[in-house]
A.B. asks: 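Can you keep this structure in mind? I'll have questions shortly.
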Amino acid sequence: MDTCIIKSPLGFTEIIGDDIGIASVTVLNSEEIVTEIIPETLKDCVNQLNEYFEGKRKEFNLKLNPNGTDFQKSVWKLLQQIPYGKSLSYLELSKQLGDVKAIRAVANANGKNPLWIIVPCHRVIGTDGSLTGYAGGLHRKQWLLEHESPNKQQSLF
């Protein structure tokens, strides 16, 4: 597997993948050395992430190869169907899977998503509209939702 580190507006990001697909995109909570020469297998992912952060990309078009259970992969596939700028509750996601009682399992699968941003787990919120747990930290989840919002907040100062 090839690995690289890039700098994003939300911190250093590690990308892991190979010819089969991208296995992992993770935001790190530490400073890292940015990879100078991006492996060929990861260049498209790096470019698409940069376009996303620049506001030029709303969908990702990458070969993905995440490691997970069949259930987790079914949840991650549903996450990819949440449109840019929209959000969905864990309950709504459970209903789409056909089992309202699976809400905890859905939340757990969401938290184990190895493809930060590309599989948009940040678009899943609480039924009451609250920002619930997020592996990358709630400050990042809020930033991502605001970044994707069609109604950008303007600063008064």
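In this chain, numbering begins with 1 at the start of the sequence shown.
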A.B. asks: Does a donor on one side chain and an acceptor on the other come within less than 3.5 Å for Glu92 and Ser89?
C.D. replies: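 Present: a donor and an acceptor within the cut-off.
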A.B. asks: Can a donor-acceptor pair be found between the side chains of Glu59 and Tyr52 at a distance below 3.5 Å?
C.D. replies: no
A.B. asks: For Leu10, is there any backbone N or O sitting under 3.5 Å from a side-chain donor or acceptor partner on Ser8?
C.D. replies: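 Yes: the side chain of Ser8 pairs with the backbone of Leu10.
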A.B. asks: Could you give the distance from CD1 (Ile16) to CD (Glu14), rounded to the nearest 0.5 Å?
C.D. replies: 4.0 Å
A.B. asks: Just to verify, what does Lys58 make a side-chain contact (heavy atoms from CB on, under 4.5 Å) with, not counting sequence neighbours?
C.D. replies: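 Checked Lys58 against side-chain contact (heavy atoms from CB on, under 4.5 Å); matches are Tyr84.
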A.B. asks: Between the side chains of Ser94 and Gln96, is a donor N or O closer than 3.5 angstrom to an acceptor N or O?
C.D. replies: no
A.B. asks: Can you measure from CG (Asn67) to CD (Gln72) and round to the nearest 0.5 angstrom?
C.D. replies: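 Asn67 atom CG to Gln72 atom CD measures 8.5 Å (nearest 0.5 Å).
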A.B. asks: Indicate the atoms forming the closest heavy-atom contact of Ala105 with Phe71, along with that distance.
C.D. replies: O-CE2, 3.5 Å
A.B. asks: For the residue pair Thr41 / Asp2, report whether a side-chain donor-acceptor contact shorter than 3.5 Å exists.
C.D. replies: yes
A.B. asks: Partners of Glu31 by side-chain contact (heavy atoms from CB on, under 4.5 Å), sequence neighbours excluded?
C.D. replies: Phe12
A.B. asks: Are more than 12 heavy atoms from other residues, nucleotides or ligands located less than 6.0 Å from atom NZ of Lys73?
C.D. replies: yes
A.B. asks: With respect to Gln142, which candidate in Arg140, Glu146, His139 satisfies the side-chain hydrogen bond (donor to acceptor under 3.5 Å, both in side chains) definition?
C.D. replies: Glu146
A.B. asks: If you compare all heavy atoms of Phe60 against all heavy atoms of Ile118, which two are closest, and at what distance to 0.1 Å?
C.D. replies: CD1-CA, 3.8 Å
A.B. asks: Do Glu51 and Arg57 meet the salt-bridge criterion of a basic N to acidic O distance under 4.0 Å?
C.D. replies: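 Between Glu51 and Arg57 there is a salt bridge, with a charged N closer than 4.0 Å to a carboxylate O.
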A.B. asks: I'd like to know if the side chain of Thr132 pairs up with that of Ser130 as donor and acceptor (distance under 3.5 Å, no hydrogens or angles considered).
C.D. replies: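 No - no donor-acceptor pair under 3.5 Å links their side chains.
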A.B. asks: How many angstroms lie between atom CD1 of Ile22 and atom CG of Leu64, to the nearest 0.5 angstrom?
C.D. replies: 7.5 Å
A.B. asks: How are the rings of Tyr134 and His122 set relative to one another: parallel (under 30°), tilted (30 to 60°) or perpendicular (over 60°)?
C.D. replies: perpendicular
A.B. asks: Would you say the side-chain atoms of Trp76 pair up with the backbone N or O of Ala109, donor to acceptor, closer than 3.5 Å?
C.D. replies: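 Yes, the answer is positive, given that a donor and an acceptor are paired below the 3.5 Å cut-off.
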A.B. asks: Aromatic ring centroids of His147 and Trp143 under 6.0 Å?
C.D. replies: yes
A.B. asks: With a 4.0 Å cut-off on N to O distance, would you call Lys7 and Glu32 a salt bridge?
C.D. replies: no
A.B. asks: Measure the CD1-CG distance between Ile6 and Leu49 for me, rounded to the nearest 0.5 Å.
C.D. replies: 5.0 Å
A.B. asks: Restricting to non-hydrogen atoms, name the atom on Leu42 and the atom on Ile15 that form the minimum distance, rounded to 0.1 Å.
C.D. replies: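 That closest heavy-atom pairing would be CD1-O, 3.6 Å.
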A.B. asks: A side-chain contact here means heavy atoms from C-beta on lying under 4.5 Å apart; do Pro39 and Cys4 qualify?
C.D. replies: yes
A.B. asks: Got a sec: does the CD of Glu54 have more than 12 other heavy atoms crowding it under 6.0 Å?
C.D. replies: yes
A.B. asks: Using every non-hydrogen atom in the two residues, find where Ser74 and Leu97 come nearest and quote the distance to one decimal.
C.D. replies: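 Smallest heavy-atom distance, with atoms named: OG-CD2, 3.9 Å.
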A.B. asks: Within this structure, what is the CG-CG distance for the pair Asn110 and Leu88, rounded to the nearest 0.5 Å?
C.D. replies: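 Result: 10.0 Å between the selected atoms.
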A.B. asks: How many angstroms lie between atom CD1 of Ile103 and atom NZ of Lys95, to the nearest 0.5 angstrom?
C.D. replies: 9.0 Å
A.B. asks: Minimum heavy-atom separation for Ile125 to Ser87, with atom names?
C.D. replies: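 In terms of heavy atoms, the two residues are closest at CD1-OG, 3.4 Å.
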A.B. asks: side-chain contact (heavy atoms from CB on, under 4.5 Å) for Ile117 and Thr13? Distances and angles first, verdict last.
C.D. replies: CA-CA 11 Å; Ile117 297 177; Thr13 303; over 6 Å; no
A.B. asks: Please check this pair: side chain of Lys141 against backbone of Gly136, looking for a donor-acceptor N/O pair closer than 3.5 Å.
C.D. replies: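 No, the answer is negative, given that no donor and acceptor are paired below the 3.5 Å cut-off.
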A.B. asks: Would you say the side-chain atoms of Arg123 pair up with the backbone N or O of Ile82, donor to acceptor, closer than 3.5 Å?
C.D. replies: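 Yes, Arg123 side chain to Ile82 backbone: donor-acceptor pair under 3.5 Å.
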A.B. asks: Verify, without hydrogens or angle tests, whether Ser149 (side chain) and Leu145 (backbone) share a donor-acceptor contact under 3.5 angstrom.
C.D. replies: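 Such a contact is absent between Ser149 side chain and Leu145 backbone.
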A.B. asks: Does Ile20 have more than 12 heavy atoms from other residues, nucleotides or ligands lying within 6.0 Å of its CD1?
C.D. replies: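 Atom CD1 in Ile20 is not packed in, count stays at 12 or less.
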A.B. asks: Tell me if a side-chain donor or acceptor on Asn65 pairs with a main-chain N or O of Gly17 at a distance below 3.5 Å.
C.D. replies: no
